[in-house]
Amino acid sequence: MSRNKYRIGILSMQGATEEHAGQLRDLGHEPILIKNKEMLENVDGLIIPGGESTAIWRLMKKNKLIEAVQQFAQLKKPIFGTCAGLVLLGKSQVETEEPVSLKLMDIKVKRNGFGRQKDSFEANLDVKGIKEAYPAVFIRAPYIESVGENVEVLAAYDNKIVAAREDNLLVAAFHPELTDDNRFLELFLSMVGEKSVLMI
Amino acid sequence: MTDRVTGTERVKRGMAQMQKGGVIMDVVNKEQAKIAEEAGAVAVMALEKVPSDIRAAGGVARMADVSIVEEVMEAVSIPVMAKVRIGHIVEARVLESLGVDYIDESEVLTPADDLFHLDKKPFTVPFVCGCRDLGEAARRIGEGASMLRTKGEPGTGNIVEAVRHLREVQSQVRRIVHMNEDELMTEAKNLGAPFEILLQIKEAGRLPVVNFAAGGVATPADAALMMELGADGVFVGSGIFKSKNPEKFARSIVEATTYYQDYQKIGELSKDLGEAMKGIDMKTLRPEDRMQDRSF
């Protein structure tokens with residue numbers, strides 16, 4: 001399945017876009033930096049990268065990308081959110097007056113749940129579907145406080161959910177794009193593979 | 001599952017990678033911090049005076065009053081940075097203990113040490129440092145800086161030095177990448193740069209840390225220009241809160257940084273902005289007032 005070459009959009013308002021692009025290229029796929037809604041029409045999947053969720057949100061709002069990404073999700077095309085991307089995909093957030101949320105995935109998110117930069121950390125993580133421990137990099141990371149019934153929990157650290165999947169949506173509180181380990185991205189690409197078979 | 005490790009090179013550099021393509025704004029109180037966050041800043045730099053006011057005030061410029069830093073940290077959810085004087089170990093440890101997300105060891109403040117920068121590696125908090133050329137950039141990385149910013153000339157609203165410094169660093173990086181490895185040691189000597197850092201640059205094809213542009217950005221077009229020239233993002237100091245309409249300047253500079261090659265959009269963003277900060281011609285600046293020359 002992963003022999004196929006996919007066109008994967010990376011939402012490029014701000015954040016670690018080039019890191020995702022590099023990993024996709026390493027695996028033989030074509031990254032496309034998405035800045036306008038028209039560009040979403042030609043991609044098989046979308047990555048919402050790490051960055052500052054409030055900054056990304058405001059730029060999306062200003063540039064009509066919120067509805068566009070919601071429509072993309074309704075087409076059942078796969079979306080992978082890392083860190084800020086996880087925050088944005090979640091339906092609700094703990095203790096936030098004005099949630100920055102695409103309201104797509106049935107998870108409740110605690111922004112900066114693991115604390116400020118001084119608490120940013122690396123740890124080896126057991127991830128469902130990945131055989132050996134995954135080197136996870138958490139930066140001012142959120143966690144998932146609770147999930148809906150259709151959400152599959154893929155990883156937890158310190159009893160906090162840090163990776164999950166619901167249908168076409170995949171999220172990680174950590175940053176696979178900051179490591180040389182492509183296994184988490186492969187999980188996403190296999191979802192892209194499943195969905196593109198269904199769509200043909 | 002092993003225990004967590006904090007303060008690693010990867011989480012320190014990674015934090016800056018999350019800021020890429022964004023705008024970091026100088027703020028002096030919580031009201032300004034909220035305006036910055038609302039406008040889409042990726043971080044704020046909490047300080048007592050913006051650089052143009054530091055210039056006007058003269059005297060010794062130090063780390064901001066701790067209460068200002070705390071006030072800003074409480075007001076916003078985006079990362080908060082703060083400046084320390086070059087070489088001031090204790091100011092840096094104080095800011096670290098407050099929990100600021102990034103420390104700028106900055107030439108905008110009056111240096112505390114006129115020979116040595118901080119040894120930044122033992123800190124958990126990451127550091128950003130200024131540079132005018134690859135020698136400075138590589139020395140700062142060697143000392144443990146996790147992020148760089150080309151210096152420009154702070155508080156002038158004049159982009160010319162920012163352009164010069166970014167072009168210089170970029171062109172020197174390109175030279176290193178195309179050199180043979182046997183030429184690197186002499187180049188290290190000539191640049192005053194650690195050999196190992198140059199080797200890393202050659203192997204990776206780029207700087208090993210994120211490099212923002214700073215020192216003179218005053219308009220959306222200025223910010224887009226720095227992105228066009230290859231900056232990973234921009235710092236805006238006096239340019240926002242010394243303009244006539246800070247909210248609008250802040251929003252427009254953020255958007256121009258993301259859409260730096262969409263010239264029609266930058267045109268729109270530049271409409272009816274009101275007056276930008278008053279700039280300073282470099283020729284009128286006395287040598288002792290040049291902040292960029294304060295480092296070693």
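Contact annotation for residues 35-46 of chain B against chain A (heavy-atom separation below 4.5 Å, listed by residue number): Glu37(B), Glu38(B), Ala39(B), Gly40(B), Ala41(B), Val42(B).
Residue contact with chain B, scored on non-hydrogen atoms closer than 4.5 Å, involves the backbone of Ser12(A) exclusively. Residue contact with chain A, scored on non-hydrogen atoms closer than 4.5 Å, involves the backbone and the side chain of Val80(B) alike. Contacts between Phe114(A) and chain B at a heavy-atom distance below 4.5 Å involve the side chain alone, from C-beta outward. With a 4.5 angstrom heavy-atom cutoff, Ser77(B) touches chain A via backbone and side-chain atoms both.
Taking a cutoff of 4.0 Å between a charged side-chain nitrogen and a carboxylate oxygen, Arg4(B) and Glu122(A) do not qualify as a salt bridge.
Here the CZ-OG1 distance, from Arg10(B) to Thr179(A), works out to 6.0 Å after rounding to the nearest 0.5 Å. Taking CE of Met15(B) as the start and CD1 of Ile139(A) as the end, the distance is 8.0 Å to the nearest 0.5 Å. Distance check: Phe121(A) CZ to Asp3(B) CG gives 10.5 Å after rounding to the nearest 0.5 Å.
More than 12 non-hydrogen atoms from other residues, nucleotides or ligands lie less than 6.0 angstrom from CD of Glu152(A). The local environment of CD in Glu31(B) is crowded, with over 12 non-hydrogen atoms from other residues, nucleotides or ligands closer than 6.0 Å. Annotation: Lys160(A), atom NZ; neighbour count of heavy atoms from other residues, nucleotides and ligands within 6.0 Å is above 12. The environment of CD in Glu38(A) is crowded: more than 12 heavy-atom neighbours from other residues, nucleotides or ligands sit within 6.0 Å. Heavy atoms of other residues, nucleotides or ligands lying less than 6.0 angstrom from CD1 of Ile89(B) number 12 at most.
Ranked by non-hydrogen atom pairs under 4.5 Å with chain B, the options Ile56(A), Thr54(A), Thr17(A), Leu59(A) are led by Leu59(A). Between chain A and the options Arg251(B), Glu96(B), Arg13(B), Gln19(B), heavy-atom pairs under 4.5 Å are most frequent for Gln19(B). Taking chain B as the reference chain and counting heavy-atom pairs below 4.5 Å, the highest number among Val137(A), Asn112(A), Leu178(A) is found for Leu178(A). Among Gly233(B), Gly99(B), Pro79(B), the residue making the largest number of heavy-atom pairs under 4.5 Å with chain A is Pro79(B). Most heavy-atom pairs under 4.5 Å with chain B: of the set Ser120(A), Ala136(A), Gly51(A), Ala16(A), this distinction falls to Ser120(A).
Not one N or O on the side chain of Glu18(A) forms a donor-acceptor pair closer than 3.5 Å with the backbone of Lys20(B). Side chain of Tyr259(B) to main chain of Lys35(A): a donor-acceptor pair is present (N/O by atom type, distance under 3.5 Å, no hydrogens or angles). Under a 3.5 Å cut-off, the side chain of Thr6(B) and the backbone N or O of Asp119(A) do not form any donor-acceptor pair. For the pair Tyr102(B) (side chain) and Gln117(A) (backbone), a donor-acceptor distance under 3.5 Å is absent.
A pairwise comparison of heavy atoms in Thr258(B) and Met13(A) identifies OG1-O, 2.7 Å as the closest pair.
Using a 4.5 Å heavy-atom cutoff, the side chains of Gln14(A) and Val254(B) are not in contact. At least one side-chain heavy atom of Met73(B) sits under 4.5 Å from a side-chain heavy atom of Arg116(A).
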Is there a side-chain contact (heavy atoms from CB on, under 4.5 Å) between Gln17(B) and His175(A) once you walk through the steps? CA-CA 11 Å; Gln17(B) 286 170 276; His175(A) 294 281; over 6 Å; no

